[in-house]
Amino acid sequence: MDADAEVMILSNRGPLGFARRADGTLEARRGGGGLVVSLGPGAQRAGALWAAAATTPDDQEAARAGRVDAEGFRVLPVALGAEEYRAYYDVVANQTLWFCVHGMWDLPRRPRFDRHWWKAWETFKEVNGRFASAAAAALAPGGTALVQDYQLALVPKMLAELRPDAKVASFLHTPWCCPQELAVLPDEAAVELLAGLAGGGPVGFHSPRWAGSFRACCDERLGATATTFVSPGATDADDLRAVTASAECRRELDDLASAVGDRRLIVRVDRIELSKNVLRGFWAFDDLLEQRPDLRGEVVFAAMVYPSRAGLAEYQAYAQEVQTLVAHINARWGQPGWTPILLDPDDNHPRSVAALRRYDVLLVNPIRDGLNLVAKEGPLVNERDGVVVLSRHAGVFDEIGGHTLAVNPFDVRATADALARALDMVPAERAERAEALRKVLDARNALQWFDEQLAAAGGGAPA
Ligand code: F6P
């Protein structure tokens, strides 16, 4: 393979997915997800070669052909078998590292670091090694590699060792946890994890809080200070505006308008994800309806919550709990002609954007979140001076918290009170807050974020 890539991105999920056409040939389609949306503009402008996991049979077939150029992206598929993907992605990345950095352990039951887990850890290392080798072979002399997220946490050090000439930076889209939470991981794995990240160039985070926690972990466990940088991510505003202007989004907005009528609308847009705190959002809404009889029949909660990581028992159980709770609340308060919660499990982007245009209140209440792009996208497209109720534990709180109604995401009563306050807010204050949010959000874009990663790696940003 030619070592000709001046800039590379490495991430688990890539910008393309493959599907078979009726004539049997493979078609590349643009993939979604926050990471891909944010990196897309920078990747395209830099002509970056993007190494990403190829896991489905169609992806694997595309991987056999080598590099793929489609939809404005250059992709280097890294083929992973089903069994190894389950060990690397499900068992280690999502069931272990994700729960660790979000502080979500259910300690009396999990995690269980048994022999099965240690085998998965070995696979995690092998998969990270495969990404590092693929990048080492493709990167031009002195080229820049931007390694994304916890799934590839061991790649930075591996790549720096394979290619000492390369400029490497990594970026974590998650929060980071305190040393005590990290101490749940077995010593050997914790040290490998921290060294894997810190041993290959600076490590970036969306919030100074996560960078500080990471440095504290490295100080304590490695006895060495890690180099970090902070660069809050941004959405691809042009893409968002294009979706907003699309006929599909207009249709979805019309459908929503007929379902909601002139009632007020609370919206959330999330994956069904434990860290997003979906249940407490509904408990807060239940409390709101109990406390405020005047709002019964007058407010709708549109919850666009779409399936995620469905291979994991924790996520399946959580999705079930969400559905049961919504059914309970709707049965408790619903009246003919009024369904309090509209639960939408379809991952339909134009529909989600339509809901963001229409909300009066946007609820973003994660128990901990690296950034939270929805809290940035909502105010950019909202057309009703909607109020954002925002968890203090979302990374984005650093940037926009002052213009939102802040909540402790664990406090259901406080969340219900914040929803009430948002619904009661007088138009002048709503307009003032919405304007302030737009101003902050307009000041930063996805290309700046990309450039800050390049600069951190020492690769410089284009003039
Ligand atoms: O926030 C971390 C992250 O990996 C994002 O990059 C991504 O959009 C999201 O979680 C979804 O994760 P997955 O790729 O597992 O669906």
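Order of appearance sets the numbers: ligands from 1, and atoms from 1 within every ligand.
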Expected rows: ligand 1 N/O, protein N/O, dist below 3.5 Å:
| from | atom 1 | to | atom 2 | distance (Å) |
| --- | --- | --- | --- | --- |
| ligand 1 | 4 (O) | Asp149 | OD2 | 3.0 |
| ligand 1 | 6 (O) | Asp149 | OD2 | 3.2 |
| ligand 1 | 8 (O) | Gly34 | N | 3.4 |
| ligand 1 | 10 (O) | Arg309 | NH2 | 3.3 |
| ligand 1 | 12 (O) | Arg309 | NH2 | 2.9 |
| ligand 1 | 14 (O) | Arg13 | NE | 2.8 |
| ligand 1 | 14 (O) | Arg13 | NH2 | 3.2 |
| ligand 1 | 15 (O) | Tyr89 | OH | 2.4 |
| ligand 1 | 15 (O) | Arg309 | NE | 2.8 |
| ligand 1 | 15 (O) | Arg309 | NH2 | 3.1 |
| ligand 1 | 16 (O) | Arg13 | NH2 | 2.9 |

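- With hydrogens and angles ignored, the 3.5 Å screen pairs a side-chain donor or acceptor of Ser391 with a backbone N or O of Pro366.
- No side-chain donor from either of Trp118 and Glu188 sits under 3.5 Å from a side-chain acceptor of the other.
- Counting only residues at least two apart or on different chains, the side-chain hydrogen bond (donor to acceptor under 3.5 Å, both in side chains) pairs with a member in residues 361-373 are Glu181-Arg368, Arg268-Asn365, Lys276-Asp369, Asp369-Asn372.
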Considering only distance and modelled atom types, tabulate donor-acceptor pairs under 3.5 Å from the side chains of residues 239-249, sequence neighbours left out.
| from | atom 1 | to | atom 2 | distance (Å) |
| --- | --- | --- | --- | --- |
| Thr244 | OG1 | Leu240 | O | 2.7 |
| Ser246 | OG | Val243 | O | 2.6 |
| Ser246 | OG | Cys249 | N | 3.2 |

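- Residues passing the salt bridge (Lys or Arg N to Asp or Glu O under 4.0 Å) test with Asp344, sequence neighbours excluded: Arg351.
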Exercise for the section: Before giving the answer on salt bridge (Lys or Arg N to Asp or Glu O under 4.0 Å), spell out for Arg45 and Asp451 the whole-Å C-alpha distance, their side-chain angles and the decisive distance to 0.1 Å. Expected result: CA-CA 11 Å; Arg45 190 198 51 190; Asp451 286 345; 2.5 Å; yes
